[in-house]
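Computed from heavy atoms alone, side chains included, the values below leave out hydrogens, waters and symmetry copies. Remember, it's 1-based here, ligands and their atoms both numbered in the order they're listed.
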Amino acid sequence: MILIVDDRPENIIALRRILEKHQFEVDSALSGEEALKKVLKNNYDLIILDVQMPGLDGFEVAESISGYSKTKDIPIIFLSAVNVNKQFISKGYASGGRDYLIKPFDPDVLVLKVKTFIKLYEQTCALQNMQQVLVEEIEFRKQAERTKDEFITMASHELKTPLTSIKGYMQMVDRSVDRDLKEDAKKYLERTRQQLEKLNILIDDLLDTSKIASGKLEFKNRVYEIDPIIDNAVDIIRQTFPSHSIIKTGEAGAKVYGDQIRIEQVILNYLTNAIKYSPFSTEILFDVSLLSCDEVMINVTDSGIGIPKDKQEQLFTKFYRVEESSNRFQGLGMGLYICAEIIKRHHGRYGVDSEPGKGSSFYFTLPVYHNQEQTLKS
Ligand code: ADP
């Protein structure tokens, strides 16, 4: 839109007619003051400014417009019938004008100039936008690089911890063998095995995370009864953490369609988290139910540290760890992200209900398998 600023309405009407004939949208202001208000409120592509006006004159208006960051690049053309000598013309350019036309002017020349300045202005705006996008993109890259570096440091630390323990336990095994202490040797070998298992899970999680990123996480889907899979996962946890009791209630009594190893992975993850983030409690509740015959729902409830409300939404995103507890517990923030991906791929739902200091209840659902159509859909 073009803004015409002139204290004489007849001048505005004449100019408006010329410009509207060439399909330009036109707005007008009868004083410098009104023009300044309008430029701050609206978006103009060009301003045609009369020089001599009561109150603020054209030069003062142009200086103000050039001073606002929002309007500084809008091209200004001065029009004057009175102030025609060189001194005025240079003042016009100095105050921010792009051109200085003297009345009477040739309407065709004016239209040509208007078109050229508007084109230039559009190109300037496009360039500035592109520059802004580039600056943001560079910043986002830089940010990604920093996150990657932090992650590598954390991952190396997480991998090194079980490795250091393994080294220590192996020395103990050697010593026990030297002293013919068979039982001790067995004990240290068991601890070594546990650390190796930790290492294995970490490496699997790292591989899964990178497979998700490249869209290569594979699923071996088939129809199966869910209850034995659940029981098996709960048994694994009971054997791995004999110090904790997993109180299981309910049964699904249903079939689901999907990758049972991956579903077992989700259950193991929920349960190990429940144990890990409950340092002062040894009881975990595990409930299975059937919702409206359509969904199997699994709930894992602990009485652990809990999670602040404002952090709950981000739990299932990649590498996210709750800051308040991240120093106290080891981890890389990949487990729940992988769980979310697996559940989504099975068309299930997931979430958490938690209160800091009281505990958390993590759930996920899986659609019950009814007929073959479901397998074809996925
Ligand atoms: P990790 O345990 O390796 O950090 P996860 O993806 O499994 O990664 O979990 C992400 C974050 O969610 C954890 O860092 C922790 O802050 C929080 N969290 C997960 N499970 C629980 C839980 N049962 N109780 C409290 N916080 C939890």
Side-chain angles (χ1 to χ4, degrees), residues 147 150-163 165 194-195 197-213 217 233-234 236-237 240-241 243-248 262-287 297-345 348-364:
T147 312
E150 276 169 26
F151 178 75
I152 290 172
T153 311
M154 263 169 63
S156 315
H157 175 76
E158 288 292 312
L159 290 167
K160 226 173 156 188
T161 310
L163 273 178
S165 307
Q194 285 170 5
Q195 294 301 320
E197 182 57 20
K198 257 193 183 173
L199 208 56
N200 209 17
I201 291 173
L202 260 173
I203 293 169
D204 279 349
D205 279 358
L206 281 166
L207 289 175
D208 280 352
T209 305
S210 92
K211 278 184 200 159
I212 293 172
L217 192 66
V234 171
I236 293 175
I237 295 294
T240 319
F241 301 95
S243 50
H244 286 69
S245 55
I246 317 291
I247 301 164
K248 181 176 174 275
R262 292 289 180 194
I263 293 305
E264 184 183 271
Q265 186 180 350
V266 175
I267 299 172
L268 293 178
N269 217 311
Y270 273 30
L271 279 169
T272 37
N273 273 357
I275 292 172
K276 175 162 131 189
Y277 293 102
S278 312
F280 303 114
S281 126
T282 53
E283 238 175 45
I284 308 293
L285 306 179
F286 186 98
D287 183 65
M297 180 163 202
I298 291 169
N299 254 295
V300 178
T301 308
D302 62 60
S303 317
I305 58 167
I307 302 145
K309 279 267 170 295
D310 59 326
K311 307 280 163 72
Q312 292 176 14
E313 215 175 283
Q314 302 158 73
L315 290 183
F316 292 86
T317 51
K318 190 154 66 171
F319 306 141
Y320 184 78
R321 308 200 71 220
V322 176
E323 214 180 320
E324 287 87 336
S325 54
S326 59
N327 287 333
R328 281 168 63 204
F329 303 92
Q330 284 186 339
L332 284 173
M334 291 184 295
L336 289 181
Y337 166 69
I338 297 168
C339 289
E341 184 67 18
I342 294 173
I343 301 162
K344 275 190 267 179
R345 293 275 297 269
R349 300 179 289 121
Y350 55 84
V352 62
D353 184 19
S354 179
E355 209 174 308
K358 293 211 166 152
S360 313
S361 188
F362 280 82
Y363 76 86
F364 76 91

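The nearest heavy-atom contact from the protein to atom 4 (O) of ligand 1 is Arg321 NE, 2.5 Å. Nearest protein heavy-atom contact of atom 10 (C) of ligand 1 is Tyr320 O, 3.3 Å. Considering only non-hydrogen protein atoms, atom 6 (O) of ligand 1 sits nearest to Leu336 N, 2.8 Å. Among protein heavy atoms, the minimum distance from atom 19 (C) of ligand 1 is reached at Asn273 ND2, 3.6 Å. From the protein, the heavy atom lying nearest to atom 12 (O) of ligand 1 is Leu315 CD2, 3.3 Å. The protein heavy atom nearest to atom 13 (C) of ligand 1 is Tyr277 OH, 3.2 Å. Of the protein's heavy atoms, Leu332 N, 3.0 Å lies nearest to atom 3 (O) of ligand 1. Ranking protein heavy atoms by distance to atom 26 (N) of ligand 1, first place goes to Ile307 CG1, 3.4 Å.
Those atoms of ligand 1 with a heavy atom of Lys276 less than 4.0 angstrom away are 1 (P), 2 (O), 3 (O). Of all atoms in ligand 1, listed by their number and element, those nearer than 4.0 Å to a heavy atom of Ser325 are 16 (O). Of all atoms in ligand 1, listed by their number and element, those nearer than 4.0 Å to a heavy atom of Met334 are 6 (O), 8 (O). Counting the atoms of ligand 1 from 1 in the order shown, those under 4.0 Å from a heavy atom of Ser360 are 24 (N), 25 (C). Here is the list of ligand 1 atoms found below 4.0 Å of a heavy atom in Val322: 14 (O), 16 (O).
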Exercise for the section: Start with the C-alpha distance between Tyr363 and Asp353, add both sets of side-chain angles, then the distance that settles side chain to side chain contact (heavy atoms under 4.5 Å, CB included), and finish with yes or no. Expected result: CA-CA 8 Å; Tyr363 76 86; Asp353 184 19; over 6 Å; no

Problem - From CA spacing to verdict: side chain to side chain contact (heavy atoms under 4.5 Å, CB included), Tyr320, Val322 - result: CA-CA 7 Å; Tyr320 184 78; Val322 176; 4.1 Å; yes

Practice task
Could you walk me through whether Asp208 and Met334 pass side chain to side chain contact (heavy atoms under 4.5 Å, CB included), step by step?
Solution key: CA-CA 9 Å; Asp208 280 352; Met334 291 184 295; over 6 Å; no

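Heavy atoms of Phe362 come nearer than 4.0 angstrom to ligand 1 in at least one pair.
Rounding to the nearest 0.5 Å gives a distance of 11.0 Å between OG1 of Thr147 and CD1 of Ile152. Atom NZ of Lys248 sits about 9.0 Å away from atom CG of Asp287, to the nearest 0.5 Å. Atoms CG and CD1, on Asp205 and Ile338 in that order, are 4.0 Å from each other to the nearest 0.5 Å.
Between Phe362 and Ile298 the shortest side-chain heavy-atom distance does not fall below 4.5 Å.
Environment of CD in Glu313: sparse, with no more than 12 heavy atoms of neighbouring residues, nucleotides or ligands closer than 6.0 Å. For Lys198, the NZ atom is loosely surrounded, since the number of other residues' heavy atoms within 6.0 Å does not exceed 12.
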